[in-house]
2 protein chains.
Amino acid sequence: MPHVKTQTIDFDRPLTTVDIVIFTVSEETLRVLLVRRPVGEGEPFPGRWALPGGFIDTAKDADLESCARRKLTEKTGVDVPYLEQLGSYGNAIRDPRGWSATHVYFALMGLDDVELAAGGNASELRWAPVHADITGEALAFDHAEILAAALTRLRSKVEYTSLPAFLMPVEFTLTELQRTYEVILGRELEKKAFRTRVLAADLLDTVPRMQVGANRPAQLYRLRDTRKAHVFARPFGSADAPNAAGMRR
Amino acid sequence: MPHVKTQTIDFDRPLTTVDIVIFTVSEETLRVLLVRRPVGEGEPFPGRWALPGGFIDTAKDADLESCARRKLTEKTGVDVPYLEQLGSYGNAIRDPRGWSATHVYFALMGLDDVELAAGGNASELRWAPVHADITGEALAFDHAEILAAALTRLRSKVEYTSLPAFLMPVEFTLTELQRTYEVILGRELEKKAFRTRVLAADLLDTVPRMQVGANRPAQLYRLRDTRKAHVFARPFGSADAPNAAGMRR
DNA sequence: TAAATAGTGTCTATGAGACACTATCAG
DNA sequence: CTGATAGTGTCTCATAGACACTATTTA
């Protein structure tokens with residue numbers, strides 16, 4: 001009898017969910033994890049792609065964040081290194097079942113060791129590339145709008161934080177990290193300025209190995225603090241956008 | 001019969017509220033609006049001070065933000081110039097009535113023309129000064145924690161945005177604006193650097209009047225865009241904290 | 001006149017941007 | 001050797017910080 005207490009409250013309770021926008025980078029492409037909506041009786045948006053998430057289980061979830069972590073672990077099989085709240089979205093029309101609100105989390109992960117183990121059926125889960133117009137895709141609910149907000153947040157924070165380091169495999173070179181910045185920002189950064197800043201920030205530990213290839217070997221690094229992002233005093237610049245900070249949230 | 005549809009959903013619905021942290025500055029003091037909890041049958045935290053807010057009215061509120069605006073207008077009688085989402089807080093224990101989640105908004109307003117008209121009884125509503133230890137006060141629910149988060153957000157954004165301009169009366173001098181920055185940041189700023197930055201940002205319109213007093217008159221300004229904050233490329237500095245940006249959210 | 005606050009001139013230090021330069025590998 | 005990418009030296013420019021200076025009012 002889950003609704004015994006409801007009568008003591010004067011207002012109807014909105015449907016409440018938690019959704020997660022989780023990004024990664026692979027093949028020099030920013031990607032977001034999507035799941036396919038189930039097809040069934042009374043299911044909204046059957047068969048459409050959606051952000052991972054779902055209803056809060058008030059019996060199992062102690063709070064919103066652990067609900068988000070639970071859902072992520074169910075999908076990716078790993079404990080994500082970076083998780084923050086993006087915001088919440090609630091209105092009368094986003095869910096055909098009624099007034100609903102979703103608490104949205106924003107997560108980043110590297111892709112070295114992970115397979116999307118979950119669910120069995122791989123067609124139900126995919127790392128979708130984030131093209132320029134992905135926010136126009138026919139995602140379920142208002143998830144296209146939420147994804148757009150997450151992208152804005154990501155791009156904005158990448159301007160002045162070390163967030164891209166959370167999108168890397170465990171070990172990486174400075175050039176690879178710079179490429180991740182460039183992929184997200186959609187512009188090139190100046191090599192010397194980038195390296196000076198990142199190294200001065202003391203974010204990275206060198207690992208005593210080099211990445212070899214058909215050229216001069218590159219020093220490998222790994223994140224020193226895998227839980228907290230670094231904030232640079234100034235945004236990354238570029239030739240055309242000397243003050244490209246955008247709205248920082 | 002508000003709960004007819006509930007049986008189609010497998011999970012219990014958390015209680016859902018919207019709360020607002022609204023700041024202002026008066027008498028060189030940062031203040032937050034608090035309301036007294038009602039005393040009555042089944043009311044949690046009776047008589048305690050709390051952030052303004054309450055249940056979503058799914059019949060009247062089209063979305064979360066309009067719910068927040070409705071509650072603010074009920075309390076302050078004005079349309080607040082700055083409103084953004086702070087985040088959401090939900091867990092099993094914050095409300096004795098059950099698993100609950102609140103969507104929290106962050107608002108700023110100037111105090112020139114406003115009386116707390118609402119409610120009639122003035123003892124139910126107050127602009128509480130934000131002292132160093134206000135977050136230890138015995139606010140209702142987890143509102144002390146939410147207030148602490150809002151303060152962190154405010155202080156963080158004041159380092160690199162024009163947010164304090166939204167805390168000013170309609171017309172103000174540069175020195176008064178600088179004082180507001182200093183009150184919030186808890187440290188003094190360098191006059192010349194402050195003025196150069198603010199004027200270069202092209203945020204303000206001069207009004208063709210001066211503020212007179214027992215000294216040289218000061219130019220009066222007003223905000224050019226009363227809806228959008230400006231983001232400075234670098235944080236405001238100080239003697240002791242050349243890189244005092246903190247975590248920007 | 002003094003007191004008080006408004007507002008400016010100017011020097012220095014810091015770090016980003018540009019870009020050419022050197023370094024070290026495979027083949 | 002060449003090709004390719006890693007990594008550095010160094011100059012210029014913008015702007016913050018410091019702080020002393022001038023400006024304009026009332027009493």
Side-chain angles (χ1 to χ4, degrees), chain A residues 28 158-162 168 171-182 185 187-204 206-221 230-245, chain B residues 28 158-162 168 171-182 185 187-204 206-221 230-245:
Chain A
E28 301 210 338
V158 167
E159 295 280 1
Y160 61 94
T161 70
S162 65
M168 305 303 291
E171 298 185 356
F172 52 89
T173 68
L174 282 185
T175 301
E176 288 165 354
L177 181 60
Q178 181 176 346
R179 279 301 301 150
T180 296
Y181 272 89
E182 291 171 342
L185 294 176
R187 67 172 194 269
E188 302 206 329
L189 299 180
E190 215 289 318
K191 181 169 57 162
K192 182 67 189 302
F194 180 84
R195 303 172 77 95
T196 304
R197 280 171 72 124
V198 170
L199 291 178
D202 215 38
L203 287 173
L204 305 178
T206 63
V207 318
R209 289 197 302 117
M210 308 292 270
Q211 185 175 82
V212 295
N215 46 31
R216 175 171 170 177
Q219 179 64 56
L220 282 164
Y221 295 87
H230 182 265
V231 179
F232 296 101
R234 310 188 196 178
F236 286 91
S238 85
D240 2 349
N243 185 356
Chain B
E28 301 210 337
V158 167
E159 295 280 1
Y160 61 92
T161 70
S162 65
M168 305 303 292
E171 298 184 355
F172 52 88
T173 67
L174 282 186
T175 301
E176 288 164 355
L177 181 59
Q178 182 177 343
R179 280 302 299 151
T180 296
Y181 272 88
E182 293 171 340
L185 294 177
R187 68 173 194 268
E188 302 206 327
L189 300 180
E190 217 288 317
K191 181 167 59 164
K192 182 66 187 304
F194 180 85
R195 301 170 79 93
T196 305
R197 280 171 74 125
V198 170
L199 292 177
D202 216 38
L203 289 174
L204 305 179
T206 63
V207 318
R209 289 197 303 117
M210 308 290 271
Q211 184 177 82
V212 295
N215 45 32
R216 174 170 171 178
Q219 179 65 55
L220 282 164
Y221 295 87
H230 181 266
V231 179
F232 296 101
R234 310 189 197 180
F236 286 92
S238 82
D240 4 350
N243 184 356

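Being a predicted model, the structure only gives us computed values, none of them experimental.
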message: Please enumerate all residues that pass side chain to side chain contact (heavy atoms under 4.5 Å, CB included) together with A:Gln211, with sequence neighbours excluded.
response: A:Thr173, A:Glu176, A:Leu220

query: Is it true that A:Glu182 and A:Lys191 have a side-chain N and a carboxylate O under 4.0 angstrom from each other?
result: no

- request: Output the distance between atom CG (A:Leu174) and atom CZ (A:Arg195), rounded to the nearest 0.5 Å.
  value: 4.5 Å

message: Regarding C:dG9, can its base be found pairing with the side chain of B:Lys192 as donor and acceptor, where the two atoms are less than 3.5 Å apart?
response: yes

- request: Could you work out which one of C:dA6, D:dG7, D:dA16 sits closest to the side chain of B:Lys191?
  value: C:dA6

query: When rounded to the nearest 0.5 angstrom, what distance separates CD in A:Glu190 from CZ in A:Arg197?
result: 12.0 Å

- request: Would you mind reading off the distance between A:Tyr221 atom OH and D:dA6 atom P, rounded to a whole angstrom?
  value: 12 Å

query: 5'-most contact on DNA chain C: A:Glu190 or A:Thr196, nearest heavy atom basis?
result: A:Thr196

field: Rounded distance (Å) that lies between atom P of D:dT5 and atom CG of A:Leu174
entry: 16 Å

message: Rounding to an integer number of Å, can you tell me how far A:Gln211 CD sits from C:dC25 C1'?
response: 13 Å

query: Do side-chain atoms of A:Glu28 reach the backbone of A:Arg179 as a donor and acceptor pair under 3.5 angstrom?
result: no

message: Output the rounded distance in Å from CD (A:Glu176) to C1' (D:dA4).
response: 15 Å

statement: Bend of the helix from C:dT1-D:dA27 to C:dG27-D:dC1 from end-axis comparison, five pairs per end, nearest 10°, comes to 10°

message: Of the options D:dG7, C:dA6, C:dA16, whose atoms approach the side-chain atoms of A:Arg195 most closely?
response: D:dG7

- prompt: B:Tyr181 pairs by ring pair (Phe, Tyr, Trp, His ring centres under 6.0 Å) with which of B:Phe172, B:Phe194, B:Phe232, B:Tyr160?
  reply: B:Phe194

field: Interatomic distance, A:Leu199 CG vs D:dG9 P [rounded to whole Å]
entry: 13 Å

message: Applying the side-chain contact (heavy atoms from CB on, under 4.5 Å) criterion to A:Tyr221, which one of A:Leu199, A:Leu177, A:Val198 satisfies it?
response: A:Leu199

message: Distance check needed: D:dA18 P versus B:Phe194 CZ, whole Å only.
response: 15 Å

- prompt: To the nearest Å, how far apart are A:Arg197 CZ and C:dT14 P?
  reply: 17 Å

message: Taking 4.0 Å as the cut-off, does a side-chain nitrogen or oxygen of B:Thr175 come that near to OP1 or OP2 on C:dT5?
response: no

message: Would B:Gln178 and B:Thr180 count as a side chain to side chain contact (heavy atoms under 4.5 Å, CB included) here? Give the steps.
response: CA-CA 5 Å; B:Gln178 182 177 343; B:Thr180 296; over 6 Å; no

- prompt: Between A:Leu185 and A:Glu159, does a side chain to side chain contact (heavy atoms under 4.5 Å, CB included) hold up when you go through it step by step?
  reply: CA-CA 8 Å; A:Leu185 294 176; A:Glu159 295 280 1; 3.6 Å; yes

query: Does OP1 or OP2 of C:dA16 have a side-chain N or O of A:Arg234 closer than 4.0 Å?
result: no

- prompt: Can you list, by residue number, the residues of residues 212-220 of chain B that have a non-hydrogen atom closer than 4.0 angstrom to DNA chain D?
  reply: B:Gly213, B:Ala214, B:Asn215, B:Arg216, B:Pro217

- prompt: In whole angstrom, what separates B:Leu189's CG from D:dA16's C1'?
  reply: 12 Å

